2 protein chains.
Amino acid sequence: MNSSKKIKIGIFDSGLGGLTVFKSLANTYRNNTSFIYLGDLAHLPYGDKSQESIIKYSQRIVDFFIKKKVDIIIVACNSASSVALNQIKCDVPIIGTIQPSVQSVIKSNNSKLIGIIGTDTTINSKAYNRAFEDYNNYTIYSVSCPLFVPIVEEGWENTDIAHQIAAKYLNQFQSINLDTIILACTHYPMLLDTLKSVFKKLGHHNLYFIDSGKAITQYLSSKLSLSPDQAPADILHLNDKFYITDTSYQFNKLANRFLGTDIPNIELITL
Amino acid sequence: MNSSKKIKIGIFDSGLGGLTVFKSLANTYRNNTSFIYLGDLAHLPYGDKSQESIIKYSQRIVDFFIKKKVDIIIVACNSASSVALNQIKCDVPIIGTIQPSVQSVIKSNNSKLIGIIGTDTTINSKAYNRAFEDYNNYTIYSVSCPLFVPIVEEGWENTDIAHQIAAKYLNQFQSINLDTIILACTHYPMLLDTLKSVFKKLGHHNLYFIDSGKAITQYLSSKLSLSPDQAPADILHLNDKFYITDTSYQFNKLANRFLGTDIPNIELITL
């Protein structure tokens, strides 16, 4: 790959949680990349939709990205990665959240007891379990945590209430000698402090947490021969494009929370 | 209206919370009514969508109901009632959640300090405030409670966590001498015991709670000259129709929770 040409990366999610993936990628490879982000707010959240609908919505976005001549597509949504990725027709490389997270686990050489937390759709799809079947001896314990997304969207991720909700969901992991937790939802990195605190109370002191953004960032390094930036760069560049398919009164607030800064120009489109 | 002809009532919501409205109506007027219910699961939840989108989705459903020759349409969704009802083109009577709730307040002859709780869309729309402007001297205090819907959908409405979430939202009502609370969301009647308990701890002992289902049921009595059934009847009749515009793995579980019984045949349609 010609090192003088910037790699154009298309990233999509049903909402704005995928901005955590954009943030990780832009923080690492900013000087060699440009981005298109699409939040499919018209169909948010994918987790409440059927597999057929999620495939249809994802395909439309992929077709849009291909017209925009992206070099690679990132499905920054665990629900879509779990139930749609294998069904999408796409003639550029397309990467979901699952393989990068699984590869991070394999590389970490920790023990083989893995905890996975995600939305109902992701957990019930068993997509992570299937991905681990290609490797020997991993045992997967998974718990769906449907209230984590609304608690993050409410901005309550560091409250006592968030702690109690997390304790109620994660209590099932108490007697299992886990050492790795996959955060199988792009909202969950916002809850990391609360999760660490709850896991400590459950007796898990040295857990290795894998989040989709960091896992994809590592994965792209080998996949695209990308090297991390030597010097820090501004996270937003003028030639990045941000699209949404519907508005809601709070999308700007949420975008700012996931990104840590305002997005100056978001374009509303219909696919 | 000919008393021998059953009144055909079309009810819609973005999801299944509107089944609490169906339940109230069917429990009261079962012998003189038939129902079409539509849950627009393809666009659930309306609360996260723009006003333009909510109007578009609502209009499609209204057109569908009119083709099905309903006599009256109930918008059993506070978000749609708040931001779309006045924009919908409809040549049969159409009733939202707001006027019936406001009429219940007026008739109750309680004091004039009203608390309203609902989703962000409903509360931010100020639609209830505008409805009370037609009457003198009402003072409205409103609080949006975005976590109430997910907590009900998780089945945690009677837990300590639900109590704490409710206390956090409702704390603002502590120093106000309210006597009426409008539950401006069709999910909230499921939380009634928790809400009563929290309000008691805040010093409110004799609150009058208005829920959309009961308010619409009273309102229809005068609007359609309907009399309550003399003898109890089965809530589901064979000629009722239930439609959804998408599936999700848990819609059956949720339908059962709102209705207290399974719906034997739900038809998936595209509008």
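Worth knowing before you read on, the calculation uses all heavy atoms, side chains too, and leaves out hydrogens, waters and symmetry mates. Sequence lines set the chain letters: A, B, ... in the order given, protein chains first and strands last, and positions in each chain run from 1. It should be emphasised that the depicted structure is a prediction, and the values quoted were computed from it without experimental measurement.
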Intermediate values then yes/no, side chain to side chain contact (heavy atoms under 4.5 Å, CB included), Phe148(B) and Tyr169(B):
CA-CA 10 Å; Phe148(B) 281 179; Tyr169(B) 285 130; 3.6 Å; yes

Under 30°, 30 to 60°, or over 60°: which ring-plane class applies to Phe132(A) and Tyr138(A), parallel, tilted or perpendicular?
tilted

Here the pair of heavy atoms bringing Ala80(A) nearest to Tyr46(A) is CB-CD2, 4.0 Å

Side chain, backbone, both or neither: which part of Leu44(B) has a heavy atom under 4.5 Å from chain A?
both

Strictly below 4.0 Å, N to O, side chains only: are Glu154(B) and Lys168(A) in salt-bridge contact?
no

Using 30° and 60° as the class limits, which term best fits the ring planes of Phe22(A) and Phe242(A): parallel, tilted or perpendicular?
perpendicular

Determine the option with the most heavy-atom pairs under 4.5 angstrom with chain A, choosing from Val149(B), Asn124(B), Leu41(B), Asp120(B).
Asp120(B)

Okay, Asp48(B) and chain A: the region with an atom under 4.5 Å from a heavy atom over there is both

Which members of residues 51-61 of chain B, sorted by number, sit under 4.5 angstrom from chain A on a heavy-atom basis?
Ser53(B), Tyr57(B)

Gly18(B) and Asp13(B): which non-hydrogen atoms are nearest, and at how many Å?
N-OD2, 2.7 Å

Name all pairs fulfilling the side-chain hydrogen bond (donor to acceptor under 3.5 Å, both in side chains) condition that reach into residues 258-271 of chain A, sequence neighbours left out, sorted by first residue then second.
Asn256(A)-Asp262(A)

